[in-house]
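So the structure is just underneath, and the comments pick up after that.
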Amino acid sequence: MPKGQVFVVITAVLCALAGVGCTRAVDGHGVSIYDDPFQVAGLPTTGGPNGPRPGVPDADLTATNGDDGEVDQLALNAIADIQAYWQSVFGTEFRDQTFDPVQKLISWNARAPRSQAVEFCKETTYHLVNAAYCRSDNSIGWDRTMLLPTMSETFGQMSVVMVLAHEYGHAIQTMAGLATKKTPVLVKEQQADCFAGAFMRHVAEGKSEHFTINTSDGLNSVLAATVSIRDSDPDDPESVHGSAFERVTAVQIGFTDGPRGCKGIDSDEIEQRRGNLPQSFSGDTGRGEYPISKDNLVELSKALQAILPVEDSPSYDYSGARIDCADGAATEPVTYCPATNVIATDVAGLAERGAVDTEDDGPLPVKVSGDYNGYVVFISRYTLAVQQSHGQALTGAKTGLRAACLSGVVTGRLAEPDRPVSQGDIQLSAGDLDEAVSGLLTDGLAASDTEGNTVPSGFSRVDAFRAGVLSGETTCLSRYS
């Protein structure tokens with residue numbers, strides 16, 4: 001999050017995804033799926049088990065070169081359920097196309113010597129740590145020794161199901177005629193993420209034979225896995241899947257709107273979503289990292305007042321987050337006290353929250369660390385002052401979701417080019433959105449009320465933030481009223 005600089009961008013436009021699938025009919029009236037903040041895209045927030053259902057017979061599928069082990073069986077059961085889902089909905093979603101089940105499944109050992117490697121999609125699997133769909137022979141393959149076990153150990157077994165649902169999404173693209181050799185890879189990847197999200201809703205609805213997932217920590221973990229395999233360097237020519245913000249957005253479109261929402265993902269839709277949001281570290285010597293300090297928070301406070309102006313502006317205390325407050329709790333490292341209209345910050349604590357974690361050097365990082373994971377919490381406490389100025393409740397689930405949404409509004413506006421320095425010498429950078437999404441999934445502090453309480457669904461917290469980034473303040477105040 002560097003000081004202000006110019007980015008070459010297009011104008012952000014409210015896209016159709018903000019409205020599609022947002023209501024359902026009840027007794028002849030449209031009722032928003034956001035009316036109940038404890039629902040997740042219209043489903044109840046649930047706890048309980050995640051992963052394979054106990055006592056269910058394994059699927060009658062086999063994989064070429066498989067070892068009949070636990071990982072392969074997990075993958076085969078996943079493919080069986082994914083395939084059954086698409087067989088049931090494909091004819092409705094793609095009326096002029098024919099469903100052609102994936103014919104060939106291949107498993108390999110990425111640790112095996114070259115002499116034991118097999119061929120997948122006309123390439124050797126020697127040291128191939130991957131899972132993929134091969135269009136040329138309608139097959140899906142996976143590494144059973146490194147990729148899938150690492151996913152499972154880090155994010156749970158449902159992350160493996162998510163990976164394979166993504167790969168089957170590529171098969172659906174081919175069957176439905178949505179993708180050709182000329183289709184940009186980014187479009188293919190985000191559409192496949194979306195199709196995977198549609199299947200995950202099927203699982204969350206309890207309709208999957210072999211798997212179950214709850215809509216709190218279970219869905220949070222699946223989204224965290226999606227974040228971990230984002231494109232971390234937008235300037236790398238091999239970055240073809242999208243940022244964490246983009247990938248999670250695609251999954252959420254599928255989960256909320258189903259396959260029909262995924263069909264709308266194309267180059268124009270992605271560019272529309274990107275709007276002003278920075279897509280490169282070019283010219284940013286800090287590569288997105290801007291130290292959290294009192295001076296920089298003062299600049300951010302100027303931007304906050306310019307973006308979401310309130311008549312009675314809050315005052316700022318930078319000596320610590322623990323203050324006496326008659327009607328609020330300390331939410332370290334930043335606290336908002338309604339009674340005194342003060343935002344109190346533990347600058348060192350906030351800087352620690354926004355520090356880059358250099359020790360998280362595993363193959364799949366559990367979270368995306370960086371400065372904006374701190375800045376967005378500071379922003380969210382200001383949005384509580386905004387809510388107070390609107391006469392809205394400052395405790396409760398909708399308060400926290402409004403905070404996340406309004407934080408998204410500020411985040412999107414910080415990306416606007418040519419903002420005057422007098423309105424805060426601070427600018428959004430590539431990577432900031434991913435850090436915010438990761439924080440919202442991890443603890444949700446940026447989606448909490450004045451008591452520090454938030455909804456248990458990371459999906460809902462991110463969805464609120466995303467709505468603010470893409471749709472603006474009006475959507476926040478109406479959706480979470």
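Bear in mind the structure is a predicted one, so any value in this text is a computation, not a measurement. For this chain, numbers begin at 1 and follow the sequence in order.
The two residues D193 and A250 have their closest heavy-atom pair at CB-CB, 3.8 Å. The shortest heavy-atom contact between A321 and T335 is O-OG1, 2.8 Å. What you find for T454 and A447 is that their closest heavy atoms are OG1-O, 2.8 Å. Nearest heavy atom pair, residue Q173 against residue A192, reads NE2-N, 3.6 Å. Contact record, L477 with S481: O-CB, 3.2 Å, taken as the closest heavy-atom pair. In plain terms, the two heavy atoms of A329 and E451 that are nearest each other are CB-OE1, 3.5 Å.
One N or O on the side chain of H202 and one on the backbone of K207 form a donor-acceptor pair closer than 3.5 Å. A donor-acceptor contact shorter than 3.5 Å is absent between the side chain of S159 and the backbone of V222. Counting only distance, with no hydrogens or angles, the side chain of K263 and the backbone of E93 share a donor-acceptor pair below 3.5 Å. At distances below 3.5 Å, not a single donor-acceptor pair connects side-chain atoms of T154 with backbone N or O atoms of M151. Between the Y290 side chain and the N296 main chain, no donor and acceptor come within less than 3.5 Å of each other. Between the side chain of D434 and the main chain of F245, a donor-acceptor pair closer than 3.5 Å is present. A side-chain donor-acceptor contact under 3.5 Å links Q427 to the backbone of L414. In terms of modelled atom types and a separation under 3.5 Å, the side chain of T256 and the main chain of I253 share no donor-acceptor contact. For the pair N341 (side chain) and P338 (backbone), a donor-acceptor distance under 3.5 Å is absent. In this structure, the side chain of Q157 does not engage the main chain of L74 through any donor-acceptor pair within 3.5 Å.
Interatomic distance, M146 CE to T150 OG1, rounded to the nearest 0.5 Å: 6.5 Å. For the atom pair N50 CG and N220 CG, the distance stands at 9.5 Å (nearest 0.5 Å). Summarising the geometry, atom CZ belonging to R53 is positioned 4.5 Å from atom OG1 belonging to T212; distances are rounded to the nearest 0.5 Å. A distance of 13.5 Å separates CD of E167 from CZ of F195, quoted to the nearest 0.5 Å. To the nearest 0.5 angstrom, L384 atom CG is 12.5 Å from I379 atom CD1. Atom-to-atom distance recorded for Y318:OH and L350:CG is 10.5 Å, nearest 0.5 angstrom.
Side-chain contact between V56 and E209: present, with at least one pair of heavy atoms (C-beta onward) separated by less than 4.5 Å. The closest side-chain heavy-atom distance from E289 to E435 is below 4.5 Å. Here the side chains of L433 and S243 are not in contact, with every heavy-atom distance at 4.5 Å or above. Between I82 and H166 there is no side-chain heavy-atom pair separated by less than 4.5 Å. Contact check for V409 versus C476: side-chain heavy atoms found under the 4.5 Å cut-off. At a threshold of 4.5 Å between non-hydrogen side-chain atoms, the residues L428 and L277 count as touching.
For Q190 and R247, the side-chain atoms include no donor-acceptor pair closer than 3.5 Å. Between H170 and Q191, the side chains place no donor N or O within less than 3.5 Å of an acceptor N or O (distance only, hydrogens not considered). A donor-acceptor contact under 3.5 angstrom links the side chains of R381 and S448, judged on distance only. Side chain to side chain, S315 and D317 fail the donor-acceptor criterion of an N or O pair below 3.5 Å. Counting only N and O atoms by type, the side chains of S460 and D463 include no donor and acceptor under 3.5 Å apart. Side-chain contact of Q305 with Y382: a donor-acceptor pair under 3.5 Å is present, judged by distance alone. Checked by atom type, the side-chain pair Q388/Y336 shows a donor-acceptor distance below 3.5 Å. Side chains of D81 and S208: a donor on one and an acceptor on the other come within 3.5 Å. Side-chain polar atoms of S380 and S407 form no donor-acceptor pair below 3.5 angstrom.
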Determine, step by step, whether Y316 and F378 satisfy the side-chain contact (heavy atoms from CB on, under 4.5 Å) criterion, reporting the C-alpha distance in whole Å, the side-chain angles of both residues, the deciding distance to 0.1 Å, and the verdict. CA-CA 11 Å; Y316 295 88; F378 185 87; 3.6 Å; yes

Might you work through the salt bridge (Lys or Arg N to Asp or Glu O under 4.0 Å) test for D266 and K188, ending with a clear yes or no? CA-CA 8 Å; D266 57 20; K188 293 178 183 177; over 6 Å; no

Y375 vs D432, test: side-chain contact (heavy atoms from CB on, under 4.5 Å). Steps then yes/no. CA-CA 9 Å; Y375 282 119; D432 285 345; over 6 Å; no

Quick one, V386 with L406, criterion side-chain contact (heavy atoms from CB on, under 4.5 Å). Give me CA distance, side-chain angles, the key distance, then yes/no. CA-CA 9 Å; V386 174; L406 292 170; 4.3 Å; yes

D346 and R322: side-chain contact (heavy atoms from CB on, under 4.5 Å), yes or no, with the steps? CA-CA 8 Å; D346 173 0; R322 287 192 169 273; over 6 Å; no

For side-chain hydrogen bond (donor to acceptor under 3.5 Å, both in side chains), just list the numbers for S457 and T45, CA-CA rounded to whole Å, side-chain angles, deciding distance to a tenth of an Å, and then say yes or no. CA-CA 7 Å; S457 168; T45 301; 5.4 Å; no

Can T411 and Y372 be said to form a side-chain hydrogen bond (donor to acceptor under 3.5 Å, both in side chains), step by step? CA-CA 10 Å; T411 299; Y372 208 69; 2.6 Å; yes

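Ionic pairing of R230 and E246 is not present here: no N-O contact between side-chain nitrogen and carboxylate oxygen is shorter than 4.0 angstrom. A salt bridge links R413 to E416: one of the charged nitrogens lies within less than 4.0 Å of a carboxylate oxygen. A salt bridge is absent between D449 and R402: the closest approach of a Lys/Arg side-chain nitrogen to an acidic carboxylate oxygen does not fall below 4.0 angstrom.
Ring pair F255/F459: centre-to-centre distance below 6.0 Å.
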